[in-house]
Amino acid sequence: MSTVEVAGAGIDAFAHRFEPGAASAAPLLLLHGTGGDENDLVPLGRAVAPQAALLSPRGNVLEGGMPRFFRRLREGVFDEDDVRRRAAELADFVAAARTRYGLAAPIALGFSNGANIAAATLFVRPEALAGAILLRAMVPLAVPPKADLTGKRVLMLSGVVDPIVPAENVNRLAAMLRDAGATVRHEVLPGGHGLSQADLTLAKAWLTGA
Ligand code: MLT
């Protein structure tokens with residue numbers, strides 16, 4: 001279903017966009033959904049964190065020409081070896097970008113496939129992220145590596161009638177993150193897989209409390 005674009009290593013591993021910000025605001029790592037690119041979430045990132053630096057990579061996996069962050073076998077069924085490998089690759093990119101741009105550990109802001117790679121990265125390479133906002137996420141790894149997420153804050157926003165993410169699945173992800181020590185706030189919003197003004201408002205308020 002997917003083809004893979006071979007990229008470089010470190011900072012060159014991902015085509016990306018970087019928008020500078022104030023050192024006082026936690027940087028955001030913007031992770032788009034399937035078919036998006038590095039430009040997609042920049043307006044959302046700016047809206048929820050007007051002062052923050054924004055680091056926005058484009059997923060390296062192509063599915064029918066649509067960028068993603070890892071391979072899937074079909075909708076909701078993931079190639080978990082690829083998820084682990086791509087999460088590590090993203091963590092390496094974040095480390096290189098922090099050096100290049102002089103950044104603190106970022107908070108991921110991921111939508112759909114981008115939220116799923118953010119959740120995977122929390123388990124595979126916890127040091128890469130200070131926390132995460134997961135918009136319409138689902139469990140990325142059935143049995144994730146044991147991780148200590150103590151001190152990491154995670155906001156999960158899901159849709160009550162999301163046709164892609166069953167409630168059981170997202171509730172399981174929240175439990176997995178809590179079991180690993182993360183401080184998780186999980187809100188179920190009216191609506192489906194698409195984002196609404198409520199996502200923006202809640203994400204902004206949560207970040208302000210960070
Ligand atoms: C995924 O593949 O990560 C999820 O099914 C969400 C999506 O991208 O549709």
Side-chain angles (χ1 to χ4, degrees), residues 28-36 40-41 44-45 48 56-57 59 61 63 66-80 82-84 86-88 90-91 94 106-126 128-145 147 149 152-196 198-207 210:
L28 294 185
L29 175 68
L30 305 178
L31 300 166
H32 63 78
T34 301
D40 266 31
L41 293 188
L44 178 64
V48 300
S56 189
V61 173
E63 182 186 284
M66 296 190 296
R68 289 174 49 82
F69 287 94
F70 57 82
R71 289 185 73 242
R72 64 180 164 182
L73 307 177
R74 56 179 187 276
E75 191 165 283
V77 182
F78 304 148
D79 174 343
E80 295 203 9
D82 196 60
V83 174
R84 287 167 197 263
R86 301 282 173 183
L90 182 64
V94 169
I107 294 173
L109 171 61
F111 167 62
S112 190
N113 181 247
N116 298 342
I117 194 70
T121 304
L122 281 169
F123 288 113
V124 172
R125 291 280 294 278
L129 301 175
I133 300 172
L134 307 178
L135 307 172
R136 312 300 184 269
M138 59 195 295
V139 172
L141 292 165
V143 183
L149 301 181
K152 306 219 190 268
R153 296 171 72 241
V154 178
L155 175 65
M156 296 175 61
L157 300 178
S158 45
V160 70
V161 290
D162 190 330
I164 296 175
V165 183
E168 171 282 320
N169 187 297
V170 68
N171 290 338
R172 187 151 43 94
L173 176 59
M176 289 162 81
L177 290 165
R178 285 193 182 107
D179 286 349
T183 302
V184 177
R185 177 167 163 210
H186 180 199
E187 302 273 347
V188 181
L189 305 179
H193 202 67
L195 300 180
S196 68
D199 290 277
L200 192 157
T201 306
L202 286 166
K204 187 171 186 179
W206 181 88
L207 276 171

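Positions are given from 1 along the sequence. Keep in mind it's a predicted model, so treat the numbers as computed, not measured.
- Using a 4.0 Å cut-off between charged side-chain N and carboxylate O, D199 and R136 make a salt bridge.
- Counting heavy atoms from C-beta on, the side chains of H186 and V188 come closer than 4.5 Å.
- Between atom CG of residue L29 and atom CD1 of residue I107 there is a gap of 10.5 Å, rounded to the nearest 0.5 Å.
- V48 and A203 get closest at one heavy-atom pair: CG1-CB, 3.9 Å.
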Show the numbers, then the answer: is there a side-chain contact (heavy atoms from CB on, under 4.5 Å) between L207 and L109? CA-CA 11 Å; L207 276 171; L109 171 61; over 6 Å; no
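- Distance check: L135 CG to L155 CG gives 7.5 Å after rounding to the nearest 0.5 Å.
- To the nearest 0.5 Å, atoms CE (M176) and CG (N171) are separated by 12.5 Å.
- Using a cut-off of 4.0 Å between Lys/Arg side-chain N and Asp/Glu carboxylate O, R71 and D79 are scored as salt-bridged.
- Each of L31, V184, L177 was scored for a side-chain contact (heavy atoms from CB on, under 4.5 Å) with L134, with one residue passing: L177.
- Note on ring orientation: taking the six-membered ring where Trp is involved, the planes of H32 and F69 are tilted (angle from 30° to 60°).
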For residues 163-170, tabulate all N or O donor-acceptor pairs below 3.5 Å that involve a side-chain atom, not counting sequence neighbours.
from: E168; atom 1: OE2; to: R172; atom 2: NE; distance (Å): 2.6
from: E168; atom 1: OE2; to: R172; atom 2: NH2; distance (Å): 3.4
from: N169; atom 1: OD1; to: V139; atom 2: N; distance (Å): 2.7

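- Side-chain contact between M156 and E187 is absent, with no heavy-atom pair separated by less than 4.5 Å.
- K152 contributes no side-chain N or O that, together with a main-chain N or O of T183, makes up a donor-acceptor pair within less than 3.5 Å.
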For L149 and L122, what are the C-alpha separation, side-chain angles and deciding distance, and is it a side-chain contact (heavy atoms from CB on, under 4.5 Å)? CA-CA 8 Å; L149 301 181; L122 281 169; 4.3 Å; yes
Stepwise, does the side-chain contact (heavy atoms from CB on, under 4.5 Å) test hold for V83 with R72? CA-CA 9 Å; V83 174; R72 64 180 164 182; over 6 Å; no
Could you please spell out the steps behind the side-chain contact (heavy atoms from CB on, under 4.5 Å) verdict for E63 and V61? CA-CA 7 Å; E63 182 186 284; V61 173; 5.5 Å; no
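- Note that the OG atom of S112 and the CD1 atom of I117 stand 12.5 Å from one another [nearest 0.5 Å].
- Using a 4.5 Å heavy-atom threshold, the side chains of D162 and M138 count as separate.
- Remark: R68 qualifies as a cation-pi partner of F70 under the 6.0 Å distance and 45° angle criteria applied to the six-membered ring.
- Heavy atoms only, all atoms of each residue included: F78 and P140 are closest at CD1-O, 3.8 Å.
- The shortest side-chain heavy-atom distance between V154 and I133 does not fall under the 4.5 Å cut-off.
- When atom types are taken as modelled, the side chain of R153 and the backbone of A182 share no donor-acceptor pair closer than 3.5 angstrom.
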